[in-house]
Number of protein chains: 2
Amino acid sequence: MTYESKPDWDAKDWQLLEALQRDARLGYAELGRKVRLSAPAVAERVKRLEEAGVITGYRAVVEPKRLGYGIDAMVRLRCDGGICARIGKIVENVPEVLDCRRLAGEDSALLRVVAMSITHLETVLDRLLKIHPSISTTTLIVLQTPHANRSITRTMWDAARTLSQD
Amino acid sequence: MTYESKPDWDAKDWQLLEALQRDARLGYAELGRKVRLSAPAVAERVKRLEEAGVITGYRAVVEPKRLGYGIDAMVRLRCDGGICARIGKIVENVPEVLDCRRLAGEDSALLRVVAMSITHLETVLDRLLKIHPSISTTTLIVLQTPHANRSITRTMWDAARTLSQD
DNA sequence: ATTGAAATTAGCGATTG
DNA sequence: CAATCGCTAATTTCAAT
């Protein structure tokens, strides 16, 4: 959580960022073509984005349904403070939990869970409930996902900037 | 939504899938080294995973906080059926909505929203509410994200398979 | 297995503060 | 003058046929 010295990204940095959010496997040469920069210059900029923690990694996007995970659910979870604080570590042992966020408010955490069937989902929920007696859950079945992990863009950033008036 | 003919992925396919979920920028040669396969063989397997819809893309993972988006929130949204059905298209015009899932149950949808400040979050919520009078929201502030987009792994798949007994 | 392209390193030149 | 940035060139590695 330390401050970086370079909070300003120019138009080409944003172009690279957007291109890599769209397709993380683009090579430096091709990126350079899009952005009108040589491959080494692109590599340099991308490295700076990585080192500044703006880009934290590159991931293949996998469709769970195609692997047999027909169920996608969001699980609202309530529990006592002591357990809450450890929920991140605890759910590491439950691989069907793909996301885990701790929340302010009534719900302590919100999980995204995938399962191969309702029966499977049931066993995952049982496993979560058995972690501690203070835990209770509310399960919301995802019917469809119109948007997942949309890109952060420069135009979006600009609009927010002008909103904040500075 | 059509069925593919090849529901069986072997150990090497899984290794490739896991490697690419960890680092989508690995080249075929390096993947081949990890998996003990030639580069062309790797390329073919990856292409098959893509064509089967198991891998749907490759994305750079961006940390919104590093771009000034200090607020991360989950927004539960309720609305009438007619609007609900269109919610995916509607929130396309609200770039701060990074995820949008339609749900079964009381809440019609669950959004993930990023914002640069509480004021900014307020304007985003106002924008959502102005879409239609029937819309109401509940906003949950994310305090931390212990896990985001965890990988789907072969050991996880195996365990689920044995659970389902077939 | 071969051929063309891409990544990487190093060194140089231009621009800026 | 120092620092930053991007380019070319040359070697090695990779991708694709």
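Both backbone and side-chain heavy atoms feed into the values below; hydrogens, waters and symmetry mates do not. Keep in mind the model is a prediction, meaning the values are calculated, not measured. Lettering follows sequence order; numbering is per chain, from 1.
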message = Looking at A/Arg45, I'd like to know whether one of its side-chain N or O atoms comes within less than 4.0 Å of OP1 or OP2 on D/dT4.
response = no
query = Does A/Arg33 put a side-chain nitrogen or oxygen below 4.0 Å from OP1 or OP2 of C/dA6?
reply = yes
query = So which nucleotide from C/dA7, D/dC7, D/dT17 ends up closest to the side chain of B/Pro40?
reply = D/dT17
task = Would you kindly give the NZ-to-P distance between A/Lys12 and D/dC5, to the nearest whole Å?
result = 14 Å
key: Spacing of A/Asp10 atom CG relative to C/dT16 atom C1', expressed in whole Å   = 15 Å
task = Check side-chain hydrogen bond (donor to acceptor under 3.5 Å, both in side chains) between A/Ser134 and all other residues, then give those that pass, not counting sequence neighbours.
result = A/His132
message = How many whole angstroms separate atom CD of A/Glu51 from atom P of D/dT4?
response = 14 Å
ask   = Between B/Glu30 (CD) and D/dC14 (C1'), how many Å, whole number?
value = 11 Å
query = Would you find a donor on one side and an acceptor on the other, under 3.5 Å apart, between the side chain of A/Arg59 and the backbone of B/Asn149?
reply = yes
remark   = Per atom distances to the A/Ala29 side chain, the nearest of C/dA6, D/dC7, C/dT8 is C/dA6
task = Mind calculating the distance between CG (B/Leu37) and P (D/dC14) to the nearest angstrom?
result = 15 Å
inquiry  = Tell me the interatomic distance from A/Tyr28, atom OH, to D/dT8, atom P, rounded to whole angstroms.
reply    = 19 Å
inquiry  = Under 4.5 Å between side-chain heavy atoms, counting indirect links through other Ile/Leu/Val/Met/Phe/Trp/Tyr residues: same cluster for B/Val97 and B/Leu67 or not?
reply    = no
inquiry  = Looking at A/Glu106 and A/Arg78, is there a salt bridge between them, counting it only when a charged N and a carboxylate O are closer than 4.0 Å?
reply    = yes
ask   = Given atom CZ of B/Arg25 and atom P of D/dC14, what is their separation to the nearest angstrom?
value = 15 Å
task = Check the distance between D/dG6's P and A/Leu31's CG and give it to me in whole angstrom.
result = 14 Å
